[in-house]
Amino acid sequence: MVRIASTETVDVVICGAGPVGLTAAVLLAARDVRVVVLEQHRGTSDEPKAISIDDESLRVFQQAGVVDRVLPVVVPGTGTRYYDQRGAVLFTARGPRPFRLGYPFKNPFAQPDLERVLASTLADARNVELRFGHRVTGFEHHADRVTVRAVNDLGEMAIDAAYVLGCDGGRSATRLLQDIEMTGRSYPDVWLVIDALADPHTQRFAMHHGDPKRPHVIVPGQGGRCRYEFRLFEGEGTSDQVPPFELIERLISPYRPITPDQIERALNYRFNAVVADQWMLGRSFLLGDAAHMMPPFAGQGLNSGIRDAANLVWKIAEVLAGRLDPALLASYELERRPHALATVRLSERLGRVVMTTSQRSADHRDTVIARALATTEGRTFFEEMRYRPTQRYTEGLLASTDRTDLVGIPIGQPLVFDTGTHTMCRLDEVLGAGWSLLGVEVAETDWAAATPLLRAIAVDPVQITIGELLPHTGRRVLIDVDGALVREFTEYTGRFVLIRPDHFVAAAWLPGDSADIATRVLSWTGFSAEGVLSNG
């Protein structure tokens with residue numbers, strides 16, 4: 001094997017060109033960061049693994065500027081329908097506030113389609129190089145960089161990167177080569193997954209059938225694709241066996257006839273519920289399945305990985321640009337781990353309850369849910385998926401003085417009228433991909449105290465009015481048009497709100513606390529309020 005002596009230098013190396021790695025790459029490309037993506041396979045995956053993408057993920061693609069390319073490969077979904085053991089509908093879960101983030105809540109799609117779209121987008125990016133057929137073999141950590149070693153058909157190579165993102169799945173070389181362990185459990189249950197073509201289903205929702213004699217899931221997709229998953233029992237197959245066509249035909253027969261050429265993929269699998277013991281090692285990070293793996297029943301595996309990318313990538317870009325203290329990259333795991341762990345636990349609970357094989361448990365489940373649905377509170381809990389863990393940060397890049405409940409939460413994306421452009425648009429289109437400082441019904445004289453933040457973060461101030469008055473100001477004003485802006489910001493009335501690039505509220509404060517908040521927020525950047533003012 002020929003050794004390539006020269007070492008190239010880039011800002012970020014991404015290991016793995018699955019959906020999470022490609023998402024991280026398009027986010028970095030949008031921020032003009034130099035990236036190399038290393039993928040051991042010869043091209044994008046042709047296996048339809050993930051099949052559900054939610055509104056949070058679509059909003060991330062909007063931020064990366066690629067959502068218009070992604071939307072054609074998704075089916076705008078209407079949630080998940082749950083059936084009892086007799087096949088009767090229990091309830092349909094659609095989320096608490098549909099379209100709050102600007103997109104449908106839960107949407108079927110095919111992973112190969114998404115990967116092809118993202119890879120095609122990156123082919124046009126001047127600052128990102130996507131290299132297939134490159135297997136990562138090792139890492140060398142230095143104070144100011146990580147040297148990534150890899151091999152391809154021509155030989156060995158080395159790349160120096162300021163940061164490394166391990167997005168290389170459950171068997172992550174990034175994790176294994178750096179001796180990072182995972183904690184959790186592997187389940188012995190064997191499931192058969194079938195991706196079928198020319199399917200008659202036309203529903204825009206997933207279907208979870210809680211029949212203890214044969215728990216199964218059906219998720220119709222685009223263009224006649226459909227995912228079927230069946231619980232297997234003793235003697236029907238193990239995870240290392242290829243499922244016979246006769247078994248596939250028998251299990252799928254209540255819904256459709258099928259021929260071998262209509263099977264896009266069929267395999268037996270077992271699932272894990274594990275989380276990596278550390279997500280950051282020096283300048284190397286784990287994202288997606290490399291950091292956490294979960295049962296499929298909540299449809300959150302891929303979406304959790306995209307949340308990881310959305311949380312970490314902007315911070316790395318800010319550090320590389322000199323606008324954020326590198327030590328604050330540790331906030332990635334601090335902020336993301338609790339929600340990822342809670343989502344793993346939810347997926348386990350859903351598997352135990354919805355997909356139980358115990359007749360007694362199924363009887364109890366159906367009775368309890370039926371009673372709950374007879375009440376307003378119970379119907380809200382189930383139909384609005386209140387059982388799903390809310391992504392909320394309690395530690396990390398947050399600052400508050402009196403109302404900690406107002407920070408660490410994602411702000412929605414309502415439709416607004418923008419006086420700067422005299423158009424109606426979504427909130428993210430106004431705020432862009434950087435930091436944003438909003439004043440919600442604050443007085444004109446209150447803005448002077450926010451000057452240090454405005455100068456350090458280099459953002460234009462935005463005034464939000466939630467009443468029926470139009471303030472006299474030279475600043476851009478956002479006006480409510482359908483009630484959504486009011487719902488989003490009523491709790492912030494009379495306060496300044498600092499929004500992070502990932503749309504989470506970093507700080508919310510009364511005007512009298514501006515000096516205190518400015519000092520705390522500017523400490524993240526390495527600037528001081530006094531220094532910013534003196535250089536203004």
Once rounded to the nearest 0.5 Å, what's the spacing between atom CG of D277 and atom CG of D179?
12.0 Å

Heavy-atom side-chain contact between W447 and L437 under 4.5 Å
yes

Pair up each side-chain donor or acceptor in residues 18-37 with any protein partner under 3.5 Å, not counting sequence neighbours, and list the distances.
{"from": "T23", "atom 1": "OG1", "to": "P19", "atom 2": "O", "distance (Å)": "2.6"}
{"from": "R31", "atom 1": "NH2", "to": "A433", "atom 2": "O", "distance (Å)": "2.6"}
{"from": "D32", "atom 1": "OD1", "to": "R126", "atom 2": "NH2", "distance (Å)": "2.8"}
{"from": "D32", "atom 1": "OD2", "to": "R126", "atom 2": "NH2", "distance (Å)": "3.4"}
{"from": "R34", "atom 1": "NE", "to": "D11", "atom 2": "OD2", "distance (Å)": "3.4"}
{"from": "R34", "atom 1": "NH2", "to": "D11", "atom 2": "OD1", "distance (Å)": "3.0"}

Output yes when R500 and E335 qualify as a salt bridge under the 4.0 Å nitrogen-oxygen rule, no when they do not.
yes

When rounded to the nearest 0.5 Å, the distance separating CG of D308 from NE2 of H339 is 10.5 Å

Would you tell me whether H141 and Q178 have side-chain atoms, one donor and one acceptor, within less than 3.5 Å of each other?
yes

Quick one: does S120's side chain have a donor or acceptor within less than 3.5 Å of a partner on R116's backbone?
no

Is there a side-chain contact between L498 and W509 (heavy atoms, below 4.5 Å)?
yes

Min side-chain heavy-atom separation H292-R337 under 4.5 Å:
no

With a 6.0 Å cut-off (strictly less than), is the heavy-atom count around CZ of R392, excluding the residue itself, greater than 12?
yes

Would you give the length of the straight line joining atom CG of N311 to atom CZ of F504, rounded to the nearest 0.5 angstrom?
7.5 Å

Which of parallel (below 30°), tilted (30 to 60°) and perpendicular (above 60°) describes Y387 and F382?
tilted

For the OG1 atom of T525 and the CG atom of L324, what is their distance to the nearest 0.5 Å?
8.0 Å

For D325 and W524, run side chain to side chain contact (heavy atoms under 4.5 Å, CB included): C-alpha distance rounded to whole Å, both residues' side-chain angles, the deciding distance at 0.1 Å, then the answer.
CA-CA 6 Å; D325 186 338; W524 302 342; 5.8 Å; no

Given 3.5 Å as the limit, does a donor-acceptor pair link the side chain of D480 with the main chain of A484, or not?
yes

Using a distance-only test with no angle check, is there a side-chain donor-acceptor pair under 3.5 angstrom linking E383 and T92?
no

Start with the C-alpha distance between L485 and I464, add both sets of side-chain angles, then the distance that settles side chain to side chain contact (heavy atoms under 4.5 Å, CB included), and finish with yes or no.
CA-CA 9 Å; L485 185 70; I464 290 183; 4.1 Å; yes

Answer with yes or no whether the side chains of R307 and S304 bring together a donor and an acceptor at under 3.5 Å.
yes

Contact check, side chains of P108 and Q222, non-hydrogen atoms, under 4.5 Å
no

Give me the atom names and distance for the closest heavy-atom approach of E444 to H472.
OE1-O, 3.8 Å

Side chains of residues 157-166: which donor-acceptor partners sit under 3.5 Å, not counting sequence neighbours?
{"from": "D160", "atom 1": "OD1", "to": "T147", "atom 2": "OG1", "distance (Å)": "2.6"}
{"from": "D160", "atom 1": "OD2", "to": "R145", "atom 2": "NE", "distance (Å)": "3.3"}

So, R520 and D516, do they make that salt bridge, N to O below 4.0 Å?
yes

Looking at S284 and L281, would you say the former's side chain and the latter's main chain have a donor-acceptor pair under 3.5 Å?
no

Under a 3.5 Å distance rule, please check whether E39 uses its side chain to pair with a backbone N or O of F132 as donor and acceptor.
no

Any donor-acceptor pair under 3.5 Å linking the side chain of Q463 with the backbone of V442?
yes

Do L406 and S400 make a side-chain contact, defined as non-hydrogen atoms from C-beta onward lying under 4.5 Å apart?
no

E488/R97 ion pair, N-O < 4.0 Å:
yes

For L58 and V70, what are the C-alpha separation, side-chain angles and deciding distance, and is it a side chain to side chain contact (heavy atoms under 4.5 Å, CB included)?
CA-CA 8 Å; L58 291 175; V70 172; 4.0 Å; yes

CA sep, side-chain torsions, deciding dist, call: L328, K315, side chain to side chain contact (heavy atoms under 4.5 Å, CB included):
CA-CA 8 Å; L328 295 175; K315 296 174 183 175; over 6 Å; no

Considering all heavy atoms, the nearest I517-A507 contact
CG2-CB, 4.1 Å

Lys/Arg N to Asp/Glu carboxylate O, R495 vs D402, below 4.0 Å:
yes

Is there a donor-acceptor pair under 3.5 Å between the side chain of N272 and the backbone N or O of M293?
no

Quick check: do M385 and L346 have side-chain heavy atoms less than 4.5 Å from each other?
no

Residue pair F109 / S52: nearest heavy atoms and the distance that separates them:
CE2-N, 3.3 Å

Donor-acceptor pair, distance only, cut-off 3.5 Å: does the side chain of Q63 make one with the backbone of D428?
no

Within the side chain of S172, is there an N or O that forms a donor-acceptor pair under 3.5 Å with the backbone of D168?
no

Heavy-atom pair of closest approach, residues I411 and L101:
O-CD2, 4.3 Å

Please answer whether the main-chain N or O of P461 pairs with a side-chain N or O of R475 as donor and acceptor at a distance below 3.5 Å.
no

Can a side-chain donor-acceptor contact be found between E318 and W435 if the only test is distance below 3.5 angstrom?
yes

Could you give the distance from CZ (R426) to CG (L431), rounded to the nearest 0.5 Å?
13.0 Å

Atom of W279, atom of A340 and distance for their closest heavy-atom approach:
CH2-CB, 3.7 Å

Any V13 side-chain heavy atom under 4.5 Å of C15 side chain
yes

Heavy-atom nearest pair, R476 first then T421, reads NH2-CG2, 3.9 Å

May I ask you to decide if P76's main-chain N or O and R204's side chain share a donor-acceptor pair within less than 3.5 Å?
yes

Atom pair CD1/CZ of I316 and F285 - distance to nearest 0.5 Å:
5.0 Å

Would you kindly say whether T493 and E441 are connected by a side-chain donor-acceptor distance under 3.5 Å?
no

Is any side-chain heavy atom of Q62 closer than 4.5 Å to a side-chain heavy atom of Y103?
yes

